[in-house]
Amino acid sequence: MYVKRVYAPTVREALAMARDELGPAALVLSTELVPASGWRGWLGQRVVRLTAAAERGLAATPTAASAASRLSEDRTDVPADRQPAAGARAGVIARLVAAGMTRALAEAVAARMSDAECRGNADRGLRRALVAELEGSSAADAAYARYEVFVGPPGVGKTTTIAKIAAQECIAGGQALGLVSADGFRAGAIEQLRGYASVMGMPFRIARTAGEFEQALGTTRHTALVDTAGRSPIDANISALFQVLDRKRSVRTHVVLAADTSAATARRLLDRYAPLRPSRVVITKIDESDSMLPLFDAVRERGLPVSYLTAGQRVPEDLWRATPASLASALLGEPAMEEALCH
Ligand SMILES: Nc1nc2c(ncn2[C@@H]2O[C@H](COP(=O)(O)OP(=O)(O)O)[C@@H](O)[C@H]2O)c(=O)[nH]1
Ligand SMILES: [Mg+2]
């Protein structure tokens with residue numbers, strides 16, 4: 001009995017390769033998705049590993065010999081000109097899905113790739129297509145709203161994100177900002193933001209009640225970045241704050257979520273914060289997550305664009321505006337995110 005293991009982008013191609021090698025009677029023993037060896041840059045980097053067996057090998061025949069030369073166990077790439085376009089496109093979709101993308105997003109990205117890009121095994125085409133597809137999913141707003149409000153569960157990085165935004169703006173000599181802490185429930189929370197405000201010489205107001213909040217917003221002459229407590233939005237204190245905000249114009253609310261949030265949890269949290277009418281999502285702690293694809297899919301499903309990305313604790317370095325390019329880098333898990341984002 002001859003046993004042969006082959007690697008290919010799709011099961012169909014792997015089967016064709018195995019039959020080329022072992023003959024049409026080859027019996028499939030197993031198929032698995034495994035990390036590809038030797039491929040660079042592909043998202044997910046997975047291929048189909050198919051193990052097949054036959055009574056007799058065909059290695060001596062000219063056809064099998066030529067097939068063997070391109071089906072060695074170490075090679076996972078099929079020569080570009082031998083892949084039919086539909087098969088190559090299906091292969092791209094299969095790899096993206098294997099990497100954790102929803103089929104809908106994978107198909108949308110693949111649909112933006114040319115046949116040559118699908119066949120070419122080049123990550124550039126994939127990146128370009130992903131960036132184009134993410135055009136509507138990012139909101140790197142050029143101008144601030146009068147009130148930029150950050151809500152979300154405790155510990156996701158709301159206060160740190162506000163500090164990063166304020167510090168980057170301060171260093172760039174950009175717009176004057178004021179900070180308002182409506183996170184009056186935790187003793188350390190106010191001090192944390194007060195410390196940053198004082199270092200940056202920014203106005204800082206504290207609001208423990210709706211009345212104080214109204215007053216704080218009224219006395220802030222600049223755009224205010226509003227930090228809130230990580231409490232449930234149905235909590236009486238939070239809803240009182242939002243009643244104050246309801247009477248204001250130019251309010252932009254960001255839901256802050258950590259990158260490793262599962263799709264189900266993200267959906268639940270987005271539902272929970274929906275009454276606050278958020279229009280943006282901030283994705284934090286990308287550095288601590290293997291993949292932000294599940295969270296991103298839930299966010300995309302709700303039609304909410306991403307405003308900021310954070311990948312580290314450093315203030316102000318580890319924050320980026322979400323652009324299609326920076327979002328693509330984050331989704332692709334590119335290690336040199338900083339570098340990618342500068343371009
Ligand atoms: N690794 C990592 N840690 C972060 C990031 N953003 C915030 N943190 C940390 O998460 C913890 C909670 O942050 P904080 O801003 O207080 O969260 P909040 O309760 O939502 O205001 C702190 O230790 C932060 O330094 C990030 O992007 N990556
Ligand atoms: Mg906080």
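Because the structure is predicted, anything quoted here is derived from the model rather than measured. All ligand and atom numbering here is 1-based and tracks the order in the structure.
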Open item on the list: Taking 4.0 angstrom as the limit and counting only heavy atoms of T159, give me the atoms of ligand 1 inside it, by number and element.
Closed with: 15 (O), 21 (O)
TODO: Number the atoms of ligand 1 from 1 as they appear, then name those within less than 4.0 Å of a heavy atom of A311, with their elements.
DONE: 27 (O)
Open item on the list: Could you check whether any heavy atom of G152 sits closer than 4.0 Å to an atom of ligand 1, since that is the contact criterion I want to use?
Closed with: no
TODO: For K158, counting its heavy atoms only, list the atoms of ligand 1 lying under 4.0 Å from any of them.
DONE: 15 (O), 17 (O), 18 (P), 19 (O), 20 (O), 21 (O)
- [ ] Return a yes/no value for P154: is any of its N or O atoms, backbone included, closer than 3.5 angstrom to an N or O of ligand 1?
- [x] no
- [ ] Answer yes or no: is there an ion pair linking R300 with E133, defined by an N-O contact shorter than 4.0 Å?
- [x] yes
Open item on the list: Please compare R314, E288, Q313 and report which has the shortest non-hydrogen distance to atom 22 (C) of ligand 1.
Closed with: Q313
Task: cation_pi(R321, Y144) dist<6.0 Å, angle<=45 - done: yes
Open item on the list: Suppose we screen for ring pair (Phe, Tyr, Trp, His ring centres under 6.0 Å). Which residues come up paired with F150, at least two apart in sequence or across chains?
Closed with: H254
Open item on the list: Can you pull out every ring-ring contact (aromatic ring centres under 6.0 Å, His included) where at least one residue sits in residues 152-172? Sequence neighbours excluded, please.
Closed with: none
Open item on the list: Applying a heavy-atom cut-off of 4.0 Å, say which part of D287 lies close to ligand 1: side chain, backbone, both or neither.
Closed with: side chain
- [ ] Would you mind running through ligand 1 and noting each atom that sits below 4.0 Å from a heavy atom of T310?
- [x] 26 (C), 27 (O)
Open item on the list: Please determine whether any non-hydrogen atom of D318 lies less than 4.0 Å from an atom of ligand 1.
Closed with: no
Open item on the list: D227 versus ligand 1: do any nitrogen or oxygen atoms come within less than 3.5 Å of each other?
Closed with: no
Task: V156, any N or O under 3.5 Å of ligand 1 N or O - done: yes
